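Because the structure is predicted, anything quoted here is derived from the model rather than measured. Atoms within a ligand are numbered from 1 in the order they appear, just like the ligands themselves.
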Amino acid sequence: MSESGNKSKTSSDEEAILSAGYRHFVIVISGPSGAGKSTFVHELLRVHPSELIYSVSATSRAQRAHEKDGEDYFFIDRDDFRARIEKSEFVEWAEVHGELYGTLRAQIDQSLAAGKNVLLDIDVQGGRAVRRIYPDGVFIFILPPSLARLEERLRGRGTDSEERITLRLENARREIGLSHEYDYAVVNDDWDAAARKVDAIVIAETSRATRLIRPRSEP
Ligand code: ADP
Ligand code: 5GP
């Protein structure tokens with residue numbers, strides 16, 4: 001470094017950059033029902049337990065056998081859901097496959113403030129709304145290898161009635177048509193390969209130089 005009178009000031013600016021960390025952000029995972037979104041969410045939380053936190057949505061849909069209230073969703077009735085809309089508790093909410101789902105403002109704000117990136121598993125309508133509020137977020141769309149394989153997975157999961165599977169498959173076509181709105185599209189064919197891709201996206205996005213917090217420079 002050339003000699004200069006403000007050498008120590010420059011060095012403390014650099015120290016400040018190194019210690020300031022980065023701005024935390026939201027990671028939205030969308031895709032048709034059965035594409036594998038919740039499987040990716042569990043894998044990302046397993047691999048990055050100290051950096052990522054899951055935004056638990058509220059829903060009016062019935063709890064599935066393996067699901068835990070407060071972990072997978074907050075299961076509430078429609079009246080409670082409507083009351084929370086009135087109280088502006090949701091960042092966004094939508095009717096999906098005939099049920100109400102909503103992202104709770106507190107889930108995102110508290111997690112970002114605690115220095116975590118926040119993982120959301122929400123539909124395309126929710127993804128659009130979240131992008132308007134958090135434009136520096138990362139938006140990942142999970143695609144099934146084919147509609148036939150999607151149907152197999154929905155049936156294999158064994159959580160939905162025949163009527164619900166039909167509705168979810170109809171909606172899948174519409175959602176796949178909107179995948180171009182996302183930053184990344186990952187085909188979930190071979191699980192290991194797809195999981196590596198999603199992990200690589202999260203690692204790369206966490207390392208973006210634009211996310212580094214710049215200390216305010218003195219005049
Ligand atoms: P979503 O959350 O998108 O509705 P899930 O994560 O519940 O989808 O996945 C649907 C079903 O497909 C689950 O039974 C899951 O174990 C299975 N699955 C997920 N990824 C794969 C894959 N790559 N190959 C085969 N089955 C998969
Ligand atoms: P499932 O009933 O299979 O858990 O979810 C059905 C759909 O609702 C999925 O596409 C999921 O991403 C979406 N979803 C879950 N939570 C929310 C939410 O808070 N907001 C929105 N808009 N969609 C959600």
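Partner of E99 under the salt bridge (charged side-chain N to carboxylate O under 4.0 Å, His left out) criterion, out of R164, R61, R168: R164 alone.
With hydrogens and angles ignored, the 3.5 Å screen pairs no side-chain donor or acceptor of H24 with any backbone N or O of L112.
You'll find the side chain of E162 reaches within 4.5 Å of the side chain of R155, heavy atoms only. With a 4.5 Å cut-off on side-chain heavy atoms, V47 and L52 do not count as touching. The shortest distance between side-chain heavy atoms of I122 and Y101 does not fall below 4.5 Å. You'll find the side chain of T39 reaches within 4.5 Å of the side chain of W191, heavy atoms only. In this structure, the side chains of R84 and D80 come closer than 4.5 Å at one or more pairs of heavy atoms.
Counting non-hydrogen atoms of other residues, nucleotides and ligands closer than 6.0 Å to NE2 of H42 gives a total of 12 or fewer.
Near ligand 2, heavy-atom contacts under 4.0 Å come from K37, S57, R61, R64, Y73, E92, A94, V96, H97, Y101, G102, T103, D121, I122, D123, G126, R168. Contacts of ligand 1 (protein heavy-atom distance under 4.0 Å) are P32, S33, G34, A35, G36, K37, S38, T39, R153, R157, N188, D189, W191.
V124 and Y182 make their closest contact through CA-OH, 3.6 Å (heavy atoms, listed as atom of the first residue, atom of the second, distance).
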